[in-house]
There are 2 protein chains.
Amino acid sequence: MLDEKDRKILEILMKDARKPFTEIAKELNTSESSIRKRIKKMEENGIIKGYTVVIEPAKIGYNVIALTGFDTDPQDVLDVAKELCKFEEVKKVFTSTGDHMIMTEIWARDGSELKEILFNKIGKIKGIKKICPAIILERLK
Amino acid sequence: MLDEKDRKILEILMKDARKPFTEIAKELNTSESSIRKRIKKMEENGIIKGYTVVIEPAKIGYNVIALTGFDTDPQDVLDVAKELCKFEEVKKVFTSTGDHMIMTEIWARDGSELKEILFNKIGKIKGIKKICPAIILERLK
DNA sequence: TTTGAAAATTGGCCTAA
DNA sequence: TTAGGCCAATTTTCAAA
């Protein structure tokens, strides 16, 4: 379902999703149509879910990124996770094993805004028992 | 440094980084060259770090994604974090406050492979005192 | 902002394995 | 049947005015 050529295409797209098919074809010593058809198939298969821009949060004023775990009663996990998805500031939401059943990534302009988000906005979701924010100091990879 | 139009461009690119400039221009009621020049400037400024493809890990055989915290002695944090970056399977590395000074995202094909990565490969890095993996059950956002 | 040439994308149709 | 090749029409990109 996914051969070596597909993997190489994905590798290239991971580094630069806007690279023209013609150039990818040149790099892999094959034709543009082959590349195009493979990519289209991967999009249809759901292997490729989309393309996105990688932003430096600090450069657009988001200086505080917090990996934030949430604890709830077991029966509330899914409802709370769904509620969390609704907030613009909550960029990622996972359910997971480990210390917290819900893990999120939250973007804020500063500590004060994070406080607002955590305590005034999110904090009001019914069922949250504990909030465990860990502020990212540096992203190394 | 970043006005409303730039923000809207970023918003659109976040949803689909391959959308042609002409189409973005149409959506924002402006010209293609204006859009292109703004994007170029954001790339030069480092606001836009790049473009990437969003992949469904499970579809390419990565069925176990683990948010993994690492504990070390304080003076070893940066060295360990740097070592972690070297592993292909470790897709993201952060230093952070909170329970663990180092947070990572690790991709493995299955539990057995995760075990190999954590205990045989990564586990051998000098200075790691504790490994705390949390396996992602579902990504909701 | 507009314009025009070069490049890339897209779709259809074809062949070969 | 599927992957890849080829061609032609359209769209997009890009730089200069």
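Residue numbers start from 1 in every chain, and the chains themselves are labelled A, B, ... in the order their sequence lines are given, proteins ahead of strands. Small disclaimer: the values here were computed from a predicted structure and weren't measured.
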A.B. asks: Can you tell me the distance, in whole Å, between the CD1 atom of Ile24(A) and the P atom of dA8(C)?
C.D. replies: 11 Å
A.B. asks: Round to a whole Å and report the spacing from CG of Asn29(B) to P of dT1(C).
C.D. replies: 12 Å
A.B. asks: With the threshold set at 4.0 Å, does a side-chain nitrogen-carboxylate oxygen contact exist between Asp99(B) and Lys130(B)?
C.D. replies: no
A.B. asks: Write down the distance between CG (Asp16(B)) and P (dT9(C)), rounded to a whole number of angstrom.
C.D. replies: 13 Å
A.B. asks: Between dA8(C), dG4(D), dT13(D), spot the one nearest the side chain of Ser33(A), thanks.
C.D. replies: dG4(D)
A.B. asks: Going by heavy atoms in the side chains, are Ile39(B) and Leu13(B) under 4.5 Å from each other?
C.D. replies: yes
A.B. asks: With the side chain counted from C-beta on, respond yes when Ile125(B) and Phe87(B) share a heavy-atom pair under 4.5 Å apart, and no when they do not.
C.D. replies: yes
A.B. asks: Looking only at side-chain N and O atoms, does Thr22(A) come under 4.0 Å of OP1 or OP2 in dA8(C)?
C.D. replies: yes
A.B. asks: Going by atom types only, do Tyr62(B) and Glu89(B) share a side-chain donor-acceptor pair under 3.5 Å?
C.D. replies: no
A.B. asks: Round to a whole Å and report the spacing from NZ of Lys26(B) to C1' of dT12(D).
C.D. replies: 11 Å
A.B. asks: Consider side chain to side chain contact (heavy atoms under 4.5 Å, CB included). Of Ile135(A), Ile117(A), Leu67(A), which one does Ile106(A) pass it with?
C.D. replies: Ile117(A)
A.B. asks: Determine whether Val80(A) and Leu84(A) make a side-chain contact, defined as any pair of heavy atoms from C-beta on separated by less than 4.5 Å.
C.D. replies: yes
A.B. asks: Rounding to a whole Å, what distance do you find between Asp6(A):CG and dA3(D):P?
C.D. replies: 9 Å
A.B. asks: Using whole Å, report how far CZ of Phe21(A) lies from C1' of dT12(D).
C.D. replies: 13 Å
A.B. asks: Hey, does Glu32(B) reach any base, or is it just sugar-phosphate, or nothing, if we go heavy atoms under 4.0 Å?
C.D. replies: base
A.B. asks: What parts of residues 35-56 of chain B reach DNA chain C, counting only heavy atoms under 4.0 Å away?
C.D. replies: Lys37(B)
A.B. asks: Which residue lies toward the 5' end of DNA chain D, Ser31(A) or Arg18(A), if each is placed at its nearest nucleotide?
C.D. replies: Ser31(A)
A.B. asks: At under 4.0 Å, does any side-chain N or O of Ser34(A) touch on OP1 or OP2 of dA3(D)?
C.D. replies: no
A.B. asks: Is Arg139(A) close to Phe94(B) at the side-chain level, that is, under 4.5 Å between some pair of heavy atoms?
C.D. replies: yes
